[in-house]
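Read the numbers this way: they start at 1 and go in the same order the structure lists the ligands and their atoms.
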Amino acid sequence: MLTVTDLVQRFRVPGGMMNAVAGVSFELGRGRTLGLVGESGCGKSTLARAILQLTKPSEGSVRFDGQELTTLPKAGLRTMRRRIQMVFQDPISALNPRRKIFDIVAEGLVISGLPAEQIRPRVEAVLRQVGLDPELVSDRRPHQFSGGQCQRIAIARAMVVDPDLLICDEPVASLDVSVQAQVLDLLDEMKHRTGVSMIFVAHDLAVVRNISDDVAVMYLGTIAETGDTAAIYDTPAHPYTRALLDAVPAPDPAAAPSGPALGGEIPSPMNPPSGCRFRTRCPIARAECAAHVPTLREIAPGHRVACHFPLVGEAAVFAEEAIADAPKAEAAPAAAAAEPTPEAGREAPKQG
Ligand SMILES: Nc1ncnc2c1ncn2[C@@H]1O[C@H](COP(=O)(O)OP(=O)(O)OP(=O)(O)O)[C@@H](O)[C@H]1O
Ligand code: SF4
Ligand SMILES: [Mg+2]
């Protein structure tokens, strides 16, 4: 359904150029959900927008259902955008405050030229599917609803055109925990009901676990690890994935996270570390990590990791000890030992 290859999104910023997405490749199968996870600023939203061609990618390819989107003329993009819909993090600001809910949800159908007599039943059916009573909500405006209800309206607006791909950019991040679960359940139910493929963006690995078939972990504009959900949660092979999982709070709020918290500052994407971008925070970094960029390579069918010393086999034993000894929430000393050699360039070439 979707093949992204060597995608780069470069922005001009004060002081130079910055690769917010620095060479990302992945595939998404029909009817599957990819959880895209990483810390704030790692490029998740930029990647989502580049897939949808809301910003023109600087390099690389986005193929959707066999069609190359990066070179598609405007008319083709308009048609394609009906097939790829997006749900944003802040539902209240994503909905036009002056329009009635019925008109907000109907907009995509109106643009597609569907006859008026077919629009009303379709809008009402989708409102019911997201748990809203069309009689009660159709004539109201967004400010009369809670955040969770607005997110249901945003999901209805996206799903009303029967898209093939739904990109959800942190759709529950701004909601209360109890409401988050309801919206996640709704998206999961929609996915099973319609067979829509989904990219689900989140900060937190815990949020995407139940809804995702596959997970991609992003770090500083690149993919650190990707694989099916069981592989990522049960046998994480990248030290960054491992650190994110260790930082997931236990179900008991009084209990501490199970492992060392991820320490150190996230480097600036304007000036990423040479070699492995994670090396300045990695508890098992070695000199080689500063000199060479790790490419994504397959360590098991469908499970790919960009690390010179993935946490598998013998390397895992060494890594487990180093991670256990790593100081909590501080830059790891091992990383300091791996400062770049003078010949190692600052800007890493993109991943394969
Ligand atoms: N239009 C732009 N011009 C310049 N820099 C940008 C632009 N859009 C994003 N950036 C920068 O690109 C980097 C990635 O931003 P992005 O919003 O994609 O991160 P994110 O992973 O979605 O973060 P968050 O989890 O906080 O939403 C950041 O350093 C951000 O400041
Ligand atoms: S071991 Fe090296 S290559 Fe692997 S994540 Fe750590 S710094 Fe990067
Ligand atoms: Mg974002």
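- Under 4.0 Å from ligand 1, the heavy atoms of Val13 that appear belong solely to its side chain.
- Residue Phe309 approaches ligand 2 through these ligand atoms, each under 4.0 Å from one of its heavy atoms: 1 (S).
- Residue Gln89 does not touch ligand 1, judged by heavy-atom distances below 4.0 Å.
- Less than 4.0 angstrom separates some heavy atom of Ala20 from each of these atoms of ligand 1: 12 (O), 13 (C).
- Atom NZ of Lys56 is surrounded by more than 12 heavy atoms from other residues, nucleotides or ligands within 6.0 Å.
- When each atom of ligand 1 is checked for a heavy atom of His203 under 4.0 Å away, the hits are 25 (O).
- Arg281 and Glu265 are not joined by a salt bridge, as no carboxylate oxygen comes within less than 4.0 angstrom of a charged side-chain nitrogen.
- No more than 12 heavy atoms of other residues, nucleotides or ligands shown are found within 6.0 angstrom of CZ on Arg98.
- At a threshold of 4.0 Å, the pair Arg83-Asp162 does not count as salt-bridged, since none of the basic side-chain nitrogens sits closer than that to a carboxylate oxygen.
- Protein heavy atom nearest atom 24 (P) of ligand 1, with residue, atom name and distance: Ser40 OG, 3.6 Å.
- Heavy-atom proximity to Cys282, at under 4.0 Å, picks out these atoms of ligand 2: 1 (S), 5 (S), 6 (Fe), 7 (S).
- Of the N or O atoms in Gly43, one or more lie within a sub-3.5 Å distance of an N or O in ligand 1.
- In this structure, Phe278 has its ring center closer than 6.0 angstrom to the ring center of His238.
- With ligand atoms numbered from 1 in the order given, ligand 1 contributes 29 (O) to contacts under 4.0 Å with heavy atoms of Pro269.
- Counting only heavy atoms from C-beta outward, the side chains of Met86 and Leu52 approach each other to under 4.5 Å.
- Residues satisfying the ring-ring contact (aromatic ring centres under 6.0 Å, His included) criterion with Phe200, sequence neighbours excluded, are absent altogether.
- With Glu107 as the fixed residue, the side-chain contact (heavy atoms from CB on, under 4.5 Å) test singles out one of Val110, Ile104, Ile111: Ile111.
- For the atom pair CD (Glu170) and SG (Cys168), the distance works out to 11.5 Å, reported to the nearest 0.5 Å.
- Residue Arg286 does not touch ligand 2, judged by heavy-atom distances below 4.0 Å.
- Of all the heavy atoms of Met18, the ones lying under 4.0 Å from any atom of ligand 1 belong exclusively to the side chain.
- The single protein non-hydrogen atom nearest to atom 5 (S) of ligand 2 is His238 CE1, 3.5 Å, given as residue, atom name and distance.
- Per-residue contacts place His308 under 4.0 angstrom from the following atoms of ligand 2 (heavy atoms of the residue considered): 3 (S), 4 (Fe).
- If you run side-chain contact (heavy atoms from CB on, under 4.5 Å) between Pro272 and each of Leu220, Thr222, Thr280, only Leu220 comes through.
- At the top of the distance list for atom 2 (Fe) of ligand 2, counting protein heavy atoms only, stands Cys289 SG, 2.3 Å.
- No cation-pi contact links Arg304 to Phe26, judged by a cut-off of 6.0 Å to the six-membered ring centre and 45° from its axis.
- Side-chain contact between Val137 and Gln149: absent, with no pair of heavy atoms (C-beta onward) separated by less than 4.5 Å.
- Close contacts of ligand 2 with Pro239, meaning ligand atoms under 4.0 Å from a residue heavy atom, involve 5 (S).
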Task: Worked check of side-chain contact (heavy atoms from CB on, under 4.5 Å) between Val215 and Leu205 - done: CA-CA 9 Å; Val215 173; Leu205 272 166; 4.0 Å; yes
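- Inclusion of Cys276 in the first shell of atom 8 (Fe) of ligand 2 is supported: an N, O or S atom falls under 2.8 Å.
- With a 4.0 Å heavy-atom cut-off, ligand 2 is reached by the backbone of Cys307 and by its side chain too.
- Counting heavy atoms only, Ser45 comes closest to atom 17 (O) of ligand 1 of the residues Gly41, Ala50, Ser45, Pro14.
- Evaluated by nearest non-hydrogen atom to atom 18 (O) of ligand 1, the leading choice among Thr46, Val201, Leu47 is Thr46.
- Among Lys44, Met17, Arg12, the residue whose heavy atom lies nearest to atom 21 (O) of ligand 1 is Lys44.
- Every atom of ligand 2 with a heavy atom of Ala285 under 4.0 Å away is listed here by number and element: 7 (S).
- Closer than 4.0 Å to atom 31 (O) of ligand 1 lies none of the heavy atoms of the protein.
- At the top of the distance list for atom 3 (N) of ligand 1, counting protein heavy atoms only, stands Phe11 CG, 3.6 Å.
- Residue contacts with ligand 1: Gly38 is excluded, as none of its non-hydrogen atoms falls under 4.0 Å.
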Task: Arg120 and Phe102: CA distance, side-chain angles, deciding distance, side-chain contact (heavy atoms from CB on, under 4.5 Å) verdict - done: CA-CA 8 Å; Arg120 181 161 291 276; Phe102 182 91; 3.7 Å; yes
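- Of all the heavy atoms of Glu170, the ones lying under 4.0 Å from any atom of ligand 1 belong exclusively to the side chain.
- Around atom CD of Glu27, no more than 12 heavy atoms belonging to other residues, nucleotides or ligands sit under 6.0 Å away.
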